[in-house]
Amino acid sequence: MSGDLCPDPRGTPRDAGVATVGRAVELFAVTQPTTQTPSGDAVDLPTRYQPADVEGRLYERWVSEGRFTADPARNPGRPAYSIVIPPPNVTGSLHMGHALDHSIQDTLVRRRRMQGHEVAWIPGMDHAGIATQNVVERELAKEGLSRHDLGREAFVDRVWKWKAESGGRILGQMRRLGDSVDWSREAFTMDDDRARAVRTIFKRLFDDGLIYRAERIINWCPRCLTALSDIEVEHADRDGELVSIRYGDGDDSIVVATTRAETMLGDTAVAVHPDDERYKHLVGRDIELPLTGRRIPVVADEHVDPAFGTGAVKVTPAHDPNDFEIGRRHDLPSLSVMDERGVITEPGPFQGLDRFEARPAVVAALREDGRIVREIRPYEHSVGHCQRCRTVVEPRVSLQWFVKVAPLAKAAGDAVRDGRVAIHPPEMAARYFEWVDNMHDWCVSRQLWWGHRIPVWYGPDGETACPGPDEEPPAGWTQDTDVLDTWFSSALWPFSTLGWPADTPELQRFYPTSALVTGYDILFFWVARMMMFGLYAMDGAVPFRTIVLHGMVRDQHGKKMSKSFGNVVDPLDWIERYGADATRFTLLRGANPGGDVPVAEEWAQGSRNFCNKLFNVARFALINGANVSGPVPAELTTVDRWVLSRLNTVIAEVDAHLDDYEFAKACETLYHFAWDEVCDWYVELAKVQLADDRAPATRRVLGEVLDKVLRLLHPVIPFVTEELWTTLTGADTLVTAAWPAADPERRDAAAEAEIESLQRLVTEVRRFRADQGLKPGQRVAAELDWAGSPLAAHEEGVRTLLRLTVPGDGFAATASLPVEGATVRLDTAGAIDVGAERRRLEKDLATARKEADQTRRKLGNEAFVAKAPEAVVAKNKDRLAQAEADIARLEHQLAALPAG
RNA sequence: GGGGCUGUGGCGCAGUUGGUAGCGCGGCGAGCUUACACCUCGUAGGUCGUCGGUUCGAGUCCGGCCAGCCCCACCA
């Protein structure tokens, strides 16, 4: 082994080169032992990339060297790029959805870092009100305690303790994934700075009259014992019964239908449509409500659909949102018949029954009089469930805090409408508008203990005060006991993480953030709310310039991942078995804009294989002394010019794809270039050049190609690329190395055409050899007749690729393949299967003739020639010419076949 | 009830301003060749859900239908 095994990239003296070799050996030596020894020179290096050996080490180094730390004061002239991470719940752990979301963000920020931007990617977590409280309550339950046994203060302490001990497991998992976040700026939605932001904006909203307290009917979870906002309620179809009940008696009777018979105990009216002739005589009269003895009025209300059911509806203002509104319009009393746990409180036979026990009980009681229940039929209807615990939500009248969203939502919609915020993919904007344009006031109070306590105090006579964060509440007043919806504090995330309300350098430099990356599933929950609060708090400045929406990760059949299906894939499992890079690559390769991302074990293996492929080209490059520094020589072979031309095309394509958030396309482009073109063609052709005096230039080109490919791949697969690139170049890190710029001067159409032609020739001969059963390794004597063809310059390469020897004495051509303006005559020792070859050629000939006919007919179509663009016509002419050439070639080959 | 999406080789997906279909995985066959069997080479396999329309020409535009999915929703 000589010193030029791996020349020093900077051309400094030999010992530096030796050091690089030492590194290389170390890199390859930590992997498992070689399974086989290449023939010839004993280069005893292992052949597989072992991610586990490098990932942890590299990540720790990146962090300790501060590679991800943002500095708002650094390079003021340079553009800033910032992203705030969608804060995962403290209770959460990394799942594939996070892995996808984070891989996208990491790709974006790593590329910007390489482009010289000042990058801030802010990590953090969400306190996740209900979810976290439930976790800790469950823990307490194991000790036989409830939160009430501890009392509020002790319980909240307990939650903090839990958070310190087992919360935030996901942060460690983010390191495994390789997230290049700025850990020095980690935030938590409940920490002091964020609490200050909450207090500040609450007060502003309060003072502006955009937050108010009112008695309303809200969604109530009888298990969590708290109010829920509309979007925390999930609707699902359930089988139920539609029971028709006669109210009143004789001429004064009316039949109503309900799926919730038990609520009739709280009915305070029956409503009909004002124009409904059937019931006009009853409007304004009282009728008797069965079971209760109460008499309730019949009212006329536009809301009632006369065509539905009997056209009459029972009105229970306390337990149904519609009825609540009807009740308000007609000034009806609101009679609550259940407590906060959904247990009937109305005195009588049903008192103490759960709402679901009361339902059949009420129906049974009604049936005792055979004339009251007119019909019972199965009925499927939509029922709201608590998003957190799946309990059926109970509409309930209570005193809650609301944010008046109309003005805020208007601004949030306008920011997208007028283009200040772009949504990718743009189709998703429709969903966004539909939501912001139809949003109800947002119920922000929760009857929980874990969360930001509502900063409102009440005086002895019911006065209210909302002191700012630096103000004291009046002495002796008591604070509201409710806390704010979790989404209230996360809506402030893009600016609260940057120090708002203080006017920090971070805020100056990094707000508005550059992109917000998240799944389309929380467009409503979170994104729209950040828009509302961002615009409001930051005086009209948008919270982010671009919203990048991705889909959900699914299994290989497009099924949602869920425990019950048993198809959940744990990203950490993949990271351990295939590496973080392979995990990331699999996800990004499937990340078409807005589309769901199916993943499967095989895809991950494919990605792992790709990383290994890169490892091996790098190994090849090291063994052959690839050179990554200095100018690329002016004198280059067609092969070299071709690969550089392709490289620069690829750089431009990848750049464009990443600009468009087309991660799948960027990955595909690089995958194919690196594997199909660089490994399968360039390296094979380069082997020939490396054996002669073209070696120095070839080493430089090989180094150049690898250098650029690794840079381009680094944002997507940071670990392998860092490891290989630093080994190849001897430089410190790829993290801040320059992002490649495409050089249009390198584009070389002639070289590309020539190599494509060469590829076709080689493929054709390989095909022939395979069809004829000639072993790929078997050397075959061949005569190449290609006078005048530019391919003649590649004779050595062709002979190597095809394992063709120069014919000696006694050469007898038994196969003649005219292709690409050349003729290859092979000595197949008389072993060729003439019949098979003839069948094959005839089939191809038929195909070519058919194509020629079709194209000829098309070109004969006057309308086509007149109307189609010139380029299209020209393309068809080329096609015809090609087909005709194929026909001639195939006929020639057929004629040249030996008889029999 | 409203809104949106999807339907392309066995499976999962690409297909830019309309010009006769690509990729990965899988299948089949061959093979240790100057890095890689987590490899190489060769190969089979779709007329683009369906009907109709516009056009010289449609997977690519328009309409109907069929199938599947998602989101939003205060019709009992």
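Letters A, B, ... mirror the listed sequences (proteins, then strands); counts begin at 1.
- For the residue pair A/Asp301 / A/His330, a side-chain donor-acceptor distance below 3.5 Å is found, with atom types taken as modelled.
- As judged by a 4.0 angstrom heavy-atom cut-off over every strand, A/Glu668 is placed among residues touching the sugar-phosphate backbone only.
- The nucleotide B/C36 finds no pairing partner, because no Watson-Crick or G-U wobble arrangement with both distances shorter than 3.5 Å includes it.
- A close approach under 4.0 Å does occur between a side-chain nitrogen or oxygen of A/Asn592 and OP1 or OP2 of B/A14.
- Remark: P of B/G4 and CD of A/Glu427 are 13 Å apart, rounded to the nearest angstrom.
- Considering only side-chain N and O atoms, A/Tyr379 lies under 4.0 angstrom from the phosphate OP1 or OP2 of B/A76.
- Backbone-only contact: A/Arg767 has heavy atoms under 4.0 Å from sugar-phosphate atoms and none from a base.
- In this structure, A/Arg260 CZ and A/Lys314 NZ are separated by 8.0 Å, a value rounded to the nearest 0.5 Å.
- Rounded to an integer number of Å, the gap from A/Tyr247 OH to B/A76 C1' is 10 Å.
- Rounded to the nearest Å, the gap between the P atom of B/G53 and that of B/A44 is 36 Å.
- Among the protein residues, A/Arg589 comes within range of the sugar-phosphate backbone only, with heavy atoms under 4.0 Å from sugar or phosphate atoms but none that close to a base.
- A/Asp437 places its CG atom 14 Å from the P atom of B/A73, with the value rounded to the nearest Å.
- Of the candidate nucleotides B/A76, B/U33, B/G19, B/A76 has the atom nearest to the side chain of A/His381.
- When Watson-Crick and G-U wobble pairs are counted only if both distances are under 3.5 Å, B/G59 pairs with no nucleotide at all.
- Within 4.0 Å of A/Pro395, counting heavy atoms only, lies no atom of the nucleic acid at all.
- At B/G31, one or more side-chain N or O atoms of A/Lys775 fall inside 4.0 Å of OP1 or OP2 (strictly under the cut-off).
- Comparing B/G45 with B/G9, their P atoms sit 15 Å apart, to the nearest whole Å.
- Of the C1' atoms belonging to B/G15 and B/A67, the separation is 23 Å, rounded to the nearest Å.
- In this structure, A/Cys611 reaches neither bases nor backbone, as no heavy-atom distance under 4.0 Å exists between it and the strands shown.
- Straight-line distance from the CE atom of A/Met428 to the C1' atom of B/U6: 12 Å, rounded to whole Å.
- The distance between atom CD of A/Glu325 and atom P of B/A76, rounded to the nearest whole Å, is 17 Å.
- Base contact: A/Ala868 has a heavy atom under 4.0 Å from a base atom.
- Contact annotation for A/Val304: base contact, defined as any heavy-atom pair under 4.0 Å involving a base atom.
- Across all strands, A/Asn861 comes closer than 4.0 Å only to sugar-phosphate atoms, never to a base (heavy-atom distances).
- Side-chain nitrogen and oxygen atoms of A/Thr763 include at least one within less than 4.0 Å of the OP1 or OP2 phosphate oxygen of B/G42.
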_I'd like to know whether A/Asn592 forms a side-chain hydrogen bond (donor to acceptor under 3.5 Å, both in side chains) with A/Tyr661, so could you lay out the CA-CA distance, the side-chain angles of the two residues, the decisive distance to 0.1 Å, and finally the verdict._
CA-CA 9 Å; A/Asn592 286 116; A/Tyr661 306 99; over 6 Å; no
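- Among the nucleotides B/G42, B/A35, B/C36, the one closest to the side chain of A/Asn612 is B/C36.
- Of the charged side-chain nitrogens involved, at least one lies within less than 4.0 Å of a carboxylate oxygen, so that A/Glu668 and A/Arg589 count as a salt-bridged pair.
- Ion pairing between a basic and an acidic side chain is recognised when a charged N comes within 4.0 Å of a carboxylate O; A/Arg856 and A/Asp853 show such pairing.
- The residue A/Asp680 sits close only to the backbone: its heavy atoms come under 4.0 Å of sugar-phosphate atoms, none of a base.
- The phosphate of B/C36 (OP1 or OP2) has a side-chain N or O of A/Arg619 nearer than 4.0 angstrom.
- Listed pair A/Arg879 / B/U20 meets the phosphate criterion, a side-chain N or O lying under 4.0 Å from OP1 or OP2.
- In summary, the side chains of A/Glu677 and A/Tyr682 do not present any donor paired with an acceptor at a separation below 3.5 Å, with no hydrogens or angles considered.
- Nucleic acid contact for A/Glu862: none, since no nucleic acid atom lies under 4.0 Å from a heavy atom of the residue.
- A/Arg767 has a carboxylate O that lies under 4.0 Å from a charged side-chain N of A/Glu837, or vice versa, which qualifies the two as a salt bridge.
- For B/U40, the OP1/OP2 oxygens have a side-chain nitrogen or oxygen of A/Trp675 closer than 4.0 Å.
- Among the heavy atoms of the strands, none lies under 4.0 Å from A/His319.
- The distance between atom CG of A/Asp555 and atom P of B/C25, rounded to the nearest whole Å, is 19 Å.
- Here A/Arg577 pairs with A/Glu601 in a salt bridge; the nearest charged N to carboxylate O distance falls below 4.0 Å.
- Distance, A/Gln605 CD to B/C36 C1': 17 Å, rounded to whole Å.
- Of the side-chain N and O atoms in A/Asn438, none sit less than 4.0 angstrom from OP1 or OP2 of B/C72.
- Across all strands, A/Lys687 comes closer than 4.0 Å to base atoms (heavy-atom distances).
- Between A/Lys613 and the phosphate of B/U40, there is a side-chain N or O to OP1/OP2 separation shorter than 4.0 Å.
- Rounded to the nearest Å, the gap between the P atom of B/C61 and that of B/G7 is 11 Å.
- Across B/U17 and B/C62, the matching P atoms stand 12 Å from one another, rounded to whole Å.
- Distances shown here put every side-chain N or O of A/Lys850 at or beyond 4.0 Å from the OP1 or OP2 atom of B/U20.
- Using a 4.0 Å heavy-atom distance criterion, A/Asn876 is classed as making no nucleic acid contact.
- Taking atom C1' in both B/U55 and B/G46, the straight-line distance is 25 Å, to the nearest Å.
- Under the 6.0 Å distance and 45° angle rule, A/Arg216 counts as a cation-pi partner of A/Phe402.
- Residue A/Glu684 is classed as a base contact, given a heavy-atom separation below 4.0 Å to a base.
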